[in-house]
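Computed from a predicted model, the values in this text were never measured in an experiment. Just the heavy atoms: all of them, side chains too, but no hydrogens, waters or symmetry mates, feed the values below.
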Amino acid sequence: MKHRGKWSHLIYVAILPAYLCLFFLAERLVVDHYWVSYLPLDDKIPFCEWFALPYVMWYPFLVIPGLIFLLKDGEAFRKYMLYIGLGFSSAVIFCLLFPNGQDLRPAAFPRENFCTEILRWIYSADTNTNVCPSMHVIGCFGAALAVHRALPKEKRGWMVPVAALALLICASTVFVKQHSVLDIFVAIPWSLACGWIIYRPRRART
């Protein structure tokens, strides 16, 4: 087996800028004439600005495990970055091939408060295109799976709050009208497939 240096896994950080370049390309190219992601169930889900708080938790939910793996577990970091690269990049390529978006955002907020200010910033920074599959769901699944794989058996109890937060973040996407329920439904098998590709057991070479 070829010896790897202690910090050899740092090279996988390069996946992030490569993905971001692809994402911003899609954001510039897919602006109109898109297929609308929608299910009738979306009309049954009320807008609730307070879900902006768990929605923005997506960022630390992804970053904190990555930083811990970076410093403590090079192999876990490598696989986590490979999952993020595969899951996010494949989703963006899908959006480039099949431009999609959603028209669920409220024309005006029913009230003004701290959370609507957060949503105003989110709406301005993140377009309503390139939504299916939901990268919030893909990212939450990847972070939760990576944590589950890295935790020793005696600490698996931590997966309860981790899974609860992941589910809350995923649910928040439809309550703040950033995603259709369809985006979540598509992202679930997408996440499972990416997780299987990255984390499936490797056969030993003979």
Side-chain angles (χ1 to χ4, degrees), residues 15-63 83-143 165-194:
I15 289 173
L16 297 178
Y19 154 71
L20 288 173
C21 288
L22 189 61
F23 173 77
F24 287 121
L25 175 65
E27 287 286 277
R28 290 185 66 87
L29 293 178
V30 183
V31 293
D32 53 18
H33 303 295
Y34 52 78
W35 173 79
V36 177
S37 179
Y38 168 79
L39 286 178
L41 180 57
D42 293 317
D43 297 330
K44 305 293 184 182
I45 301 173
F47 169 81
C48 181
E49 73 274 16
W50 294 104
F51 275 91
L53 300 177
Y55 183 88
V56 297
M57 284 297 295
W58 184 72
Y59 302 97
F61 189 74
L62 265 64
V63 170
Y83 173 92
I84 293 296
L86 175 63
F88 285 5
S89 297
S90 61
V92 173
I93 291 171
F94 177 83
C95 292
L96 286 169
L97 295 174
F98 303 98
N100 61 78
Q102 54 88 3
D103 297 331
L104 298 169
R105 292 178 177 180
F109 293 128
R111 58 204 150 261
E112 293 291 334
N113 52 44
F114 172 68
C115 288
T116 55
E117 285 301 313
I118 294 176
L119 282 178
R120 191 170 281 112
W121 173 81
I122 291 171
Y123 285 0
S124 64
D126 192 4
T127 69
N128 65 320
T129 57
N130 307 309
V131 295
C132 185
S134 167
M135 280 184 273
H136 260 64
V137 174
I138 294 172
C140 282
F141 181 89
L165 181 56
L167 291 173
L168 183 60
I169 293 171
C170 293
S172 74
T173 65
V174 294
F175 283 99
V176 300
K177 301 303 177 180
Q178 276 292 91
H179 281 286
S180 164
V181 175
L182 179 61
D183 306 333
I184 293 178
F185 289 165
V186 174
I188 291 172
W190 201 290
S191 303
L192 290 170
C194 292

Side-chain heavy-atom pair Leu96, Leu29 within 4.5 angstrom cut-off = yes

Student check: side-chain heavy atoms of Cys132 and Phe98 closer than 4.5 Å = no

Are Phe94 and Asn100 close enough that some pair of their side-chain heavy atoms sits under 4.5 Å apart?
-> yes

Any side-chain donor paired with an acceptor under 3.5 Å for Tyr38 and Asp43?
-> yes

With the side chain counted from C-beta on, respond yes when Ile93 and Leu22 share a heavy-atom pair under 4.5 Å apart, and no when they do not.
-> yes

Do the non-hydrogen side-chain atoms of Leu39 and Phe185 ever get within less than 4.5 Å of each other?
-> yes

Would you please classify the geometry between the Tyr55 ring and the His136 ring as parallel, tilted or perpendicular, with 30° and 60° separating the classes?
-> parallel

Just wondering, more than 12 heavy atoms not from Phe114 lying within 6.0 Å of its CZ?
-> no

Stepwise, does the side chain to side chain contact (heavy atoms under 4.5 Å, CB included) test hold for Val56 with Ile122?
-> CA-CA 9 Å; Val56 297; Ile122 291 171; 3.8 Å; yes

Can Arg105 and Leu119 be said to form a side chain to side chain contact (heavy atoms under 4.5 Å, CB included), step by step?
-> CA-CA 10 Å; Arg105 292 178 177 180; Leu119 282 178; over 6 Å; no

Run the numbers on Asp103 and Asn128 for side chain to side chain contact (heavy atoms under 4.5 Å, CB included), then give the verdict.
-> CA-CA 7 Å; Asp103 297 331; Asn128 65 320; 3.7 Å; yes

One should read off an interatomic distance between Leu62 CG and Ile84 CD1, to the nearest 0.5 angstrom, of 5.0 Å

Passes side chain to side chain contact (heavy atoms under 4.5 Å, CB included), Ile138 versus Tyr83? Steps please.
-> CA-CA 9 Å; Ile138 294 172; Tyr83 173 92; 3.6 Å; yes

Ile188 and Phe141, any side-chain heavy atoms less than 4.5 Å apart = no

Check the surroundings of atom CZ in Arg111: do more than 12 heavy atoms from other residues, nucleotides or ligands lie under 6.0 Å from it?
-> yes

Where Trp50 and Cys115 come nearest, the two heavy atoms and their spacing = CE3-SG, 3.1 Å

Cut-off 3.5 Å, side chains only: do Ser180 and Asp42 have a donor facing an acceptor?
-> yes

Looking at Ser191 and Val137, what are the two nearest heavy atoms and their distance?
-> OG-O, 4.0 Å

Kindly compute the distance separating CZ (Phe109) from CZ (Phe47), expressed to the nearest 0.5 Å.
-> 5.0 Å

Does Tyr123 reach the side chain of Gln178, with side-chain heavy atoms less than 4.5 Å apart?
-> yes

Gln102 side chain to Asp183 side chain, donor-acceptor N/O pair below 3.5 angstrom = no

Verify the distance criterion only: is there a donor paired with an acceptor across the side chains of Thr116 and Glu49 at less than 3.5 Å?
-> no

Just say parallel, tilted or perpendicular for the rings of Tyr19 and Phe88, cut-offs at 30° and 60°.
-> tilted

Contact check, side chains of Thr129 and Pro99, non-hydrogen atoms, under 4.5 Å | no

